[in-house]
Each structure stands twice: as structure tokens, then as C-alpha cells.
Amino acid sequence: MVLVTNYLCKLITKQIDDNGIVVWYDPDRHYTEIVHTLSIHNTTVTCYSDTFFGLRHKIDHLLDDLNPPRLLIYVPIDPIETNNALVELEAAGVIMKPGQQPPSRNTKLSVVARNALKPILGDDTTAIIEKQVEAGKLTLAELNAIAQKGEGITQGVVITIFGSGNPQEVALAFLASESFDRAIISKGASQELAVLLQSSFEIQLPAEESPSSYRVRLARHILATEFINLIQGDIPNQLSSIQITTKSATCDACINLAKTWRLRRDLKESYITHANQVETELAIASLDLQQHQIANVETFLAIERTLQRLIETTLLTEANLQIDEIIKSRQSSFWSENYPDVQAHWALTAVAGQLLQEANRIERELKSPAADVQTIFNAYTDTEAPWCVLDTYHRHLERRWHDFEWGLHNRYQSLEKLVNQARNRYMNVGSQLAEAFVRRFEAAKFRLPGIMRQTEVFIKAVKPKLAEGKTAYVWVDALRYEMAWELSQTLSEDYNLEIQAAIATVPTITEIGMAAFLPGAETSATVVTAGDSKLGLEINGTVVKDRPGRIKFLQDNTGVNVFCHQTGRFITQTEEKRTRKHPASQIDSRYLPGNRCHWRRRQRASCPPDNG
């Protein structure tokens, strides 16, 4: 009798010792082969075969005795099918069956296996085996064989060398370092180690080889098993001759080991070294694989790069949320976290895909007959899914493109094609949007009822705040509406803020746009020449054409003390200096959370015309 069977026997013996009679139901017939071999002291074991009458005939003489019998009645059918034929025996004793409570009467094979194997194989391996039993992939005999091997190993010197008999822990330690090799050789533990690895991962390790050779073989076996099993669909012919595990339990153990190896930060260097070596041996980069086959494979760097090329090619013809989700998940993959160029590659691909999706959406919605100027304005400035993110994605695309390390090789040809297509779509759809807005704005006589104009920002948003106390009025040149929207999204979790779009003052150049934020501009603002082919804004008879003029006009016409400062210079000032320079009764250019900010958007040649 071996470990798992022995454990079961102890459970039954305890119930007989305590209750005398045990009716044991086994509807799945897991135990039919061993029930006659159970050795329980001074106990009669009786099995149901054809009829309950025959069963009762076998045990009636025991029930007539004055002394309570020690009796085990094995019934390999579901209790529901008995029609209560053994109800008297059940009442006189106890029932043992799968799922029975308390746990000491539960004979479910996966539970028995877990409790019997856990002390010698550890939590991780036992959990894998338990799942395989529940899936009907392991029998009692196979469990006994696993237990026999595991029990023999953990009683040897492997534990003294690695500090554990858990196959997963031993394998990880062995794969990650050569520091155990000397002890393995000096203590003669190579064979024990080989048996442990063979029983847990189904790998063949020749007895005459060294620990370093074992390590190479084990890494190849683990990584190849994970890789081939995670590929969806047909396996490439080049991989058909590679030996991997064939049993479900050991396959799961290999996959679990590979994933744990990647997740362990202290072991990542060893994983990268072995993965790159196996990748070269198996010529992974040359495999002809499709996107759907490797979307969830993380084993090798070559697969990461192959998936990047495949997704870039797909995005040239189709951009959708499913691909977006794949890209998003790969930005935090093992290879992205350890290779900055891989992560930067995914980030550039992601923003190109997002731009293409947004361009497609805007193009579709622009075709709606109801897309008048008010609809376009609202769509562009919507707080949930605004059209302005098209500009945001383009800005991110250009920044990531500029920062990307392209190198001298042709690895990024598909990425270049994707970026160029994203740029072309941006220019095309952006032009459509600009033309649609301008034409509809003209048809509406350049009026948008209810929409604030840039010249009204001071009177409507700033002046009411002056009566409440210190107010920060921050002017940022060239801060487009989409930038302000993105900033508001970043700050929304920490601050209670509001973003409101306004119609810019044309021409949208710094000299005009910045002056439009001054008091009085709402009633008297006229664009005039300011000498040297420059323009200025005339407000109440004063021509404002540059920063000093804007500051003086603000100080003279606000009605409160004004302190003006370039915000970038605050970085170099100490808190003490800032406190001395800013008395309470003034407009303070420092940013104060909670104030309403109205941002002016500057027109650029590559962007749609200003509408906010």
C-alpha cells in the first residue's frame, strides 16, 4: 500500500474506530481497484455488486450480534440511486462519500490527493495535481506513483542542498544559479535531483551528465514546453521534433515554472540568458506565425518582436479595440519591462493605433447630416470622448517618434509604415474637420450662441473671483484646448476642477490671443497694426502688443493689487522668498487648485482651426 491509498485507509479506519459502521459511497468508482486490499484491523469489508438484497445477505449475521460490528460497506454508485436501501445502516453508523461533511468523511479523490501529497510535494505542485485530478486526468494509481517518487526524493540530500523538497522551488534555484553544482557533485545528489525533475516535469536527464548540462536541458525543456503549448492553432513544422512533456500535470508544472521564473525579479537575468540561448537553438525568429497564435505568448524576445511586426501590419488595414487591448497588455510584458526599446516600440505602436481609431471615428461622425457647427464644437470639446484627442494622439505620436532610438538596422520598417499612415490619416481627417467647422461656422454667421469668447474670459471667469480673495490667473501661450483637456484628466482625481472651451480671437497669434485675456476686451477689442509689420490689440484706446504692455495694462485696469511673474521661475525660488514676495491682497500668478481656468488654443498649420 502506498502513500495516497494509505492516507485514505487511515481516514476510514478512524471513522470505523469512532462509529463502528461506515457506508462508503464511490459514485465515480475511483477506489474499486483497491477496496479489497484495504487492511483495517478486525473489520469486515463488504462490497455491493449486483443487488442490495445480496449485500444484506452478506452482513445480516453481523448485525444480529449483540456487540456492534466493525463494518465497512463499499457501494460504488451514487447514494441517490439506492432509494434509501441502506438507510438503517447509515443511521447506525456514518456515511463517507465525495463532498461529505465533516472533511474527515470526504473521500473525493482530489481532496484525498491534496491532503496526502501536500506534505511532500508542497503547495504549488499539489495545487496543480489537484486540478488535474478534478479534470479526470489522474487516477489513484498514478497519484500513488507520484507520491512514491516524491517521498523518496525529499527524504534524500536534495533538501539539505536547496533547503526545500518542493520541485518548483528546487528547479527555480537550480536554473538561476550554478552555486549549487559543487554540493550536488560532492554529495552525490545528481541522481536524486534528476529523479525529482523527471517526476515533476517529465524531462529525461542522462545519469552521466553534469549539473551544468542538466541546467541547459531543463531550461530548454521548460521554455519549449511553455512556448509550444501556448501557441494557438497549428504548431509550425520546425517545432514538431522538439521533445516536450506529454502529460497534462507535468505540462502545467512546466508552464507554471516558466511564468514564476519571469515574475521573480531576482531571477530575471537568468531567465533572459536561458531564453535567449533557447531562442537561438530553436530558431524562433524564423518561425512563420500569425498574430492570433502568439498574442498570449511571452516566452521569447523574438516572439515579442514578431508580434509587434504582425500588429503593425494589421493596423495598416484595421484598427480596433481588440488590437488596442493586446498592445496595452504587452506594454507591461516581461520583455517590455526589461528592454526599454521594446516598451518604447509598443508605446509608439499604441498611440499610432489610437490615432487611427480616432480618425476613423471622427470621419464617420462628420458624415452625419446633423453635424452643424454647434454639434462639431460640442463633439470636439466633449469632456468624456472629445474629438480633440485626435490632436492629443498626434502630439504623442510625434514626441514618441522623435524620442525613439531607431538604430541602423531595418527592424522597424513596419513601424515606420504605420507611423506614416497615422500621420497621413491625421492630416486628412484633420483637414476634413477644419473645413467642415469653418464652412458651418461661416454659415452660422460666425456665431455660437451660449459659447464664451476669449475676450470674455476675464469679465466672466476671473473678475467674480477677485471679490472672493486671492486669485491665480495663469496665462499659457500655445496651450491648445486638447492639452488643457489632457491636463484636466490628469488632475481630476486630486482636484475639483472645471474646463470650459472658448472661441479664440483671430488671428490666433500670441500678440492678439494673450491680449484678449485682459479686462475690457469683452467690449472694446480691435486688431490694429503696431508697427514693423506687427499686430496688436487695441482695448479702450490702448494698443497692447507685447508682454510688458499686457502686464502694465492688467495692473492698471484690474482694480486690485497685481503681482505678475513667469511661473517657470518659481522652481528656483525658495519657499521663504515666495512668501515675502506675495502679500495676500493681489492677483497671484501661482496656481491655486480649485480656480476655474480657461485655456486659449493656438492655431498651428498641422491642426484643425481653433474652436476652443
Side-chain angles (χ1 to χ4, degrees), residues 1-50 52 54-56 58-59 62 68-121 123 125-148 150-151 248-249:
M1 200 180 299
V2 287
L3 187 73
V4 180
T5 301
N6 191 43
Y7 177 84
L8 176 66
C9 184
K10 290 179 180 178
L11 286 182
I12 297 172
T13 301
K14 179 67 168 60
Q15 294 303 316
I16 290 176
D17 288 343
D18 292 345
N19 303 284
I21 298 175
V22 172
V23 181
W24 179 18
Y25 292 104
D26 180 22
D28 297 316
R29 298 177 176 265
H30 286 306
Y31 308 106
T32 54
E33 298 297 325
I34 59 96
V35 67
H36 294 289
T37 66
L38 295 178
S39 178
I40 304 174
H41 177 69
N42 196 27
T43 299
T44 301
V45 178
T46 302
C47 301
Y48 168 84
S49 56
D50 298 320
F52 288 106
L55 176 64
R56 290 298 297 262
K58 293 178 185 178
I59 62 174
L62 299 174
R70 289 172 58 87
L71 177 61
L72 173 63
I73 304 169
Y74 175 74
V75 185
I77 60 176
D78 193 300
I80 297 177
E81 299 175 10
T82 67
N83 294 317
N84 298 318
L86 302 178
V87 64
E88 295 178 7
L89 294 169
E90 293 172 3
V94 294
I95 297 173
M96 295 186 74
K97 65 178 181 179
Q100 182 71 3
Q101 293 297 320
S104 57
R105 298 175 190 168
N106 185 358
T107 58
K108 187 176 181 180
L109 182 58
S110 60
V111 175
V112 172
R114 178 189 64 202
N115 294 332
L117 297 175
K118 190 174 181 179
I120 64 168
L121 298 182
D123 292 337
T125 303
T126 303
I128 294 172
I129 291 174
E130 183 179 3
K131 290 180 181 178
Q132 293 300 316
V133 175
E134 290 178 350
K137 297 178 180 179
L138 288 174
T139 66
L140 178 62
E142 290 171 327
L143 291 169
N144 280 325
I146 292 172
Q148 190 172 22
E151 190 174 38
S248 297

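What you see is a predicted model; the values in this text were computed from it and never measured.
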Is there a side chain to side chain contact (heavy atoms under 4.5 Å, CB included) between Leu71 and Thr46 once you walk through the steps? CA-CA 8 Å; Leu71 177 61; Thr46 302; 3.9 Å; yes
How long is the gap from CZ on Arg29 to CG on Leu140, to the nearest 0.5 Å? 15.5 Å
Mind checking side chain to side chain contact (heavy atoms under 4.5 Å, CB included) for Lys118 and listing every partner two or more places apart, or none if nothing turns up? Asp123, Thr126
Quick note, ring pair (Phe, Tyr, Trp, His ring centres under 6.0 Å) partners involving residues 68-112, not counting sequence neighbours, are Trp24-Tyr74
If you apply the rule side chain to side chain contact (heavy atoms under 4.5 Å, CB included), what do you find for Leu11 with Thr107, and how did you get there? CA-CA 9 Å; Leu11 286 182; Thr107 58; 5.7 Å; no
Could you work out, with salt bridge (Lys or Arg N to Asp or Glu O under 4.0 Å) as the rule, every residue matching Glu130, not counting sequence neighbours? Arg114
Under 3.5 Å: donor-acceptor pair, side chain of Glu134, backbone of Lys131: no
Using atom types as modelled and distance alone, determine if a side-chain donor or acceptor of Thr43 lies under 3.5 Å from a backbone N or O of His41. yes
Can you list the residues that meet the side chain to side chain contact (heavy atoms under 4.5 Å, CB included) rule with Gln132, with sequence neighbours excluded? Lys137, Leu138, Ser248, Ala249, Asp252
Within the 4.5 Å heavy-atom criterion, are Thr44 and Pro69 side-chain neighbours or not? no
The salt bridge (Lys or Arg N to Asp or Glu O under 4.0 Å) partners of Lys14 (sequence neighbours excluded) come to Asp18
Please check this pair: side chain of Tyr48 against backbone of Asp50, looking for a donor-acceptor N/O pair closer than 3.5 Å. yes
By side-chain hydrogen bond (donor to acceptor under 3.5 Å, both in side chains) - contacts of Thr13 (at least two apart): none
In terms of heavy-atom contacts, Ala116 and Leu3 come closest through O-CD2, 3.5 Å
Does the pair Tyr31 and Leu109 meet the rule for a side chain to side chain contact (heavy atoms under 4.5 Å, CB included), with working shown? CA-CA 9 Å; Tyr31 308 106; Leu109 182 58; 3.7 Å; yes
My understanding is that only residues two or more places apart in sequence, or in another chain, count here; which of them pass salt bridge (Lys or Arg N to Asp or Glu O under 4.0 Å) with Asp28? none
Any side-chain heavy atom of His30 sitting closer than 4.5 Å to one from Val112? no
By side-chain hydrogen bond (donor to acceptor under 3.5 Å, both in side chains), Asp78 pairs with (sequence neighbours left out) none
Could you state the interatomic distance from CD1 (Ile73) to CD1 (Ile59), rounded to the nearest 0.5 Å? 4.0 Å
Just list the side-chain donor-acceptor pairs under 3.5 Å for residues 79-100, sequence neighbours left out, or say none.
| from | atom 1 | to | atom 2 | distance (Å) |
| --- | --- | --- | --- | --- |
| Thr82 | OG1 | Pro79 | O | 2.7 |
| Thr82 | OG1 | Asn84 | N | 3.4 |
| Glu90 | OE2 | Tyr25 | OH | 2.4 |

Could you walk me through whether Val4 and Leu8 satisfy the side chain to side chain contact (heavy atoms under 4.5 Å, CB included) test, starting with their C-alpha distance in whole Å, then the side-chain angles of each, then the deciding distance to 0.1 Å, before giving a yes or no? CA-CA 6 Å; Val4 180; Leu8 176 66; 5.9 Å; no
Using a 4.5 Å cut-off on heavy atoms from C-beta on, say whether the side chain of Pro103 contacts that of Gln101. yes
Got a sec, which residues hit side-chain hydrogen bond (donor to acceptor under 3.5 Å, both in side chains) with Arg105, two or more places apart in sequence or on another chain? Gln15
For Lys58, all residues meeting salt bridge (Lys or Arg N to Asp or Glu O under 4.0 Å), sequence neighbours excluded: none
What residues form a ring-ring contact (aromatic ring centres under 6.0 Å, His included) with Tyr7, not counting sequence neighbours? none
